[in-house]
Amino acid sequence: MADKILRLEDWVENLQIEGQNSFSLSQARQAFKNISENALSLSLARFSGKNKILSILRGFYLIISPKYAAMKVIPPVNFMDSLMKSLNRPYYVGLLSAAALQGAGHQQPQEFFVFTDMPAMRPINKNGIKVNFLSLIHFPSDELFEKIKTEVGYLNLSPAPLTALDLIYFENRIGGLSRAATVLSELVENIKPYKGFIQPRLVPVMNGNEITDVKVEYPDNFFQQMLEYGKRYSFLPLVN
């Protein structure tokens, strides 16, 4: 079918009819095998000049529908899954972006936060949309994430407990521990308590220099535990 489509505009329109809002350069090459690389590049550039498509990352294009014509870009929540699949990278939406989708935060964050594996990815900053990527050496299993529906598919979202942990651990990326605490206080109001997530503290009972017993204590609540973790573990020690 693709071989019969002679114009890039027609091909892009057909993608939209199929419910897609993006495409990769490799897809375009596959659809237009009979034209040269230069001709395809010129066609893409001309169509981009009409604000019908936008190259958000090298080799990846957004299709700007009439709904988003004024913005000239699509919200990241609606294209992130397609982008990361085209790069063959695991991901999940986290930090303030996840908290906002989970009902915390009165204001939408100005940046979109995405976790992925190594190597590190450069941020995206196009037409007022900023996406920050945080790369993890040990990336969690895909089974951990929540799947939320978007306009064209699904999105990997960190579950609320992981969102809370990330807010504390990466507090320097969101404006500090004070902001993390504010968002956490709103986040815990919108999630069901997870009793097993509160970890015990082992407190030694001392008699002079000897440990005579060990007491098991628990934080009063999940929020208190997260604040304690932030104070203890937000910075690595200079000497291990």
Student: Evaluate the criterion side chain to side chain contact (heavy atoms under 4.5 Å, CB included) for residue pair Val131 and Ile56; output intermediate values, then yes/no.
Tutor: CA-CA 10 Å; Val131 179; Ile56 199 77; over 6 Å; no
Student: Going hydrophobic residue to hydrophobic residue with side-chain gaps under 4.5 angstrom, can you get from Ile148 over to Val93?
Tutor: yes
Student: For a 4.5 angstrom cut-off between non-hydrogen side-chain atoms, does Ser48 reach Leu54?
Tutor: no
Student: To the nearest 0.5 Å, how far apart are NZ in Lys72 and CD1 in Ile129?
Tutor: 14.0 Å
Student: How about CD on Gln16, more than 12 heavy atoms from neighbouring residues, nucleotides or ligands closer than 6.0 Å, or not?
Tutor: yes
Student: Kindly say whether Gln27 contributes a backbone atom to a donor-acceptor pair with the side chain of Ser24 at under 3.5 angstrom?
Tutor: yes
Student: Assess whether a salt bridge exists between Lys50 and Glu9, defined as any Lys/Arg side-chain N lying under 4.0 Å from an Asp/Glu carboxylate O.
Tutor: yes
Student: State, with a plain yes or no, whether a side-chain heavy atom of Ser22 is found less than 4.5 Å away from one of Tyr61.
Tutor: no
Student: Show your reasoning for whether side chain to side chain contact (heavy atoms under 4.5 Å, CB included) applies to Met84 and Met121.
Tutor: CA-CA 11 Å; Met84 300 308 283; Met121 289 180 60; 4.0 Å; yes
Student: Do Leu57 and Leu87 have side chains that approach each other closer than 4.5 Å (heavy atoms only, starting at C-beta)?
Tutor: yes
Student: Taking the side chain as every heavy atom from C-beta outward, state whether Val152 and Gln20 have any pair of such atoms under 4.5 Å apart.
Tutor: no
Student: Is there a donor in the side chain of Glu146 and an acceptor in the side chain of Ser158, or the other way round, less than 3.5 Å apart?
Tutor: no
Student: Between Asp117 and Tyr91, is any side-chain donor less than 3.5 angstrom from a side-chain acceptor?
Tutor: no
Student: Do Leu42 and Leu8 share a hydrophobic cluster, counting only Ile, Leu, Val, Met, Phe, Trp and Tyr and linking them when any side-chain heavy atoms are less than 4.5 Å apart?
Tutor: no
Student: Taking side-chain hydrogen bond (donor to acceptor under 3.5 Å, both in side chains) as the definition, give me every residue that meets it alongside Ser55, ordered by chain and number, with sequence neighbours left out.
Tutor: none
Student: Less than 6.0 angstrom from the centroid, inside 45 degrees of the normal: does Lys147 satisfy that with respect to the ring of Tyr154?
Tutor: no
Student: Show which side-chain atoms of residues 62-71 pair as donor or acceptor with protein atoms under 3.5 Å away, not counting sequence neighbours.
Tutor:
from  : atom 1 : to     : atom 2 : distance (Å)
Lys67 : NZ     : Glu151 : OE2    : 2.7
Tyr68 : OH     : Asn78  : ND2    : 3.3
Tyr68 : OH     : Glu151 : OE1    : 3.2
Tyr68 : OH     : Glu151 : OE2    : 2.6

Student: Backbone N or O of Ala104 within a donor-acceptor pair of the Glu186 side chain at under 3.5 Å?
Tutor: no
Student: Can you name the closest pair of heavy atoms from Thr163 and Gln102 and give their distance?
Tutor: OG1-OE1, 3.3 Å
Student: Step by step, would you call Leu144 with Leu162 a side chain to side chain contact (heavy atoms under 4.5 Å, CB included)?
Tutor: CA-CA 9 Å; Leu144 175 68; Leu162 179 58; 3.8 Å; yes
Student: Show your working on side chain to side chain contact (heavy atoms under 4.5 Å, CB included) between Ile174 and Phe113 and close with a plain yes or no.
Tutor: CA-CA 10 Å; Ile174 63 171; Phe113 294 95; 4.3 Å; yes
Student: Any heavy-atom pair between the side chains of Leu40 and Asn38 that's under 4.5 Å?
Tutor: no
Student: Side chains of Leu177 and Ile168: does their closest heavy-atom pair fall under 4.5 Å?
Tutor: yes
Student: Does Met118 share a hydrophobic cluster with Ile124, counting links as ILVMFWY side-chain heavy atoms below 4.5 Å and allowing steps through other members?
Tutor: no
Student: Do any N or O atoms from the side chain of Thr116 and from the backbone of Ser135 form a donor-acceptor pair under 3.5 angstrom?
Tutor: no
Student: For Phe79 and Ile74, work out which heavy atoms get closest and say how close.
Tutor: CE2-O, 3.1 Å
Student: Quick check: do Phe23 and Trp11 have side-chain heavy atoms less than 4.5 Å from each other?
Tutor: yes
Student: For Asp166 and Leu95, indicate whether the former's side chain and the latter's backbone hold a donor-acceptor pair under 3.5 Å.
Tutor: no
Student: So Asn132 and Phe112, do their side chains get closer than 4.5 Å, heavy atoms only?
Tutor: no
Student: Would you confirm whether the ring centroid of Phe170 sits within less than 6.0 angstrom of the ring centroid of Phe115?
Tutor: yes
